[in-house]
Amino acid sequence: MLDKQLTNAGFYEIASPDNSPTGITLIRPGRRESVRVFLPHDSTEVEVYTGSLRDGRLVYQGPAEMAAQLTLLTDRSN
């Protein structure tokens with residue numbers, strides 16, 4: 001369900017570099033930096049990165065329902 005919300009917020013799915021079946025990665029490019037979200041399969045945890053695709057920095061890792069900051073991902077002003 002979170003993947004659909006992120007897609008509605010302008011994110012799109014990208015292929016992982018290792019083609020691993022462990023989860024899906026969604027990205028939304030921004031003016032200053034990109035936001036990347038990794039959604040592991042069979043887990044309620046998420047990882048959120050900002051910055052470039054290769055050199056992104058982890059800004060959140062944990063349960064999706066505890067991540068109030070995820071609502072900031074829909075802010076298209078970055």
Side-chain angles (χ1 to χ4, degrees):
M1 181 156 163
L2 183 57
D3 59 334
K4 291 185 187 339
Q5 292 171 333
L6 291 171
T7 300
N8 290 339
F11 285 77
Y12 58 91
E13 186 175 348
I14 59 171
S16 62
D18 59 1
N19 293 322
S20 171
T22 60
I24 63 170
T25 301
L26 295 113
I27 189 167
R28 191 194 75 213
R31 285 185 226 143
R32 293 180 291 171
E33 58 187 12
S34 296
V35 178
R36 183 169 34 106
V37 180
F38 177 69
L39 305 172
H41 294 306
D42 302 323
S43 176
T44 60
E45 300 227 337
V46 298
E47 295 175 4
V48 180
Y49 298 84
T50 60
S52 69
L53 186 58
R54 290 183 183 219
D55 299 320
R57 63 191 175 283
L58 181 66
V59 294
Y60 178 79
Q61 181 178 20
E65 65 272 0
M66 299 286 294
Q69 299 91 343
L70 290 177
T71 59
L72 299 176
L73 298 176
T74 60
D75 179 12
R76 307 271 314 166
S77 65
N78 79 352

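Positions are given from 1 along the sequence. Since the structure is predicted, the reported quantities are computational estimates derived from the model, not experimental observations.
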Test item: Tyr49 side-chain N/O and Ser52 main-chain N/O as donor-acceptor pair under 3.5 Å: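 Absent.
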
Inter-residue atom distance [X].[atom1] - [Y].[atom2], 0.5 Å rounding:
| X | Y | atom1 | atom2 | result |
| --- | --- | --- | --- | --- |
| Lys4 | Leu26 | NZ | CG | 11.0 Å |
| Tyr12 | Leu6 | OH | CG | 13.5 Å |
| Ile27 | Glu13 | CD1 | CD | 12.0 Å |

Taking all heavy atoms of [X] and all of [Y], pick out the closest pair and write down the distance.
| X | Y | answer |
| --- | --- | --- |
| Pro29 | Ser34 | CA-OG, 3.6 Å |
| Val35 | Phe11 | O-CE2, 3.5 Å |
| Val46 | Pro40 | CA-CD, 4.3 Å |

Counterpart residues, side chain to side chain donor-acceptor pair (under 3.5 Å), relative to Glu45 (two or more places apart):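 For Glu45 there are no side chain to side chain donor-acceptor pair (under 3.5 Å) partners, ignoring immediate neighbours.
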
Partner of Thr25 by side chain to side chain contact (heavy atoms under 4.5 Å, CB included), out of Ile14, Leu39, Val37: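 It is Ile14, the one option of Ile14, Leu39, Val37 that forms the side chain to side chain contact (heavy atoms under 4.5 Å, CB included) with Thr25.
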
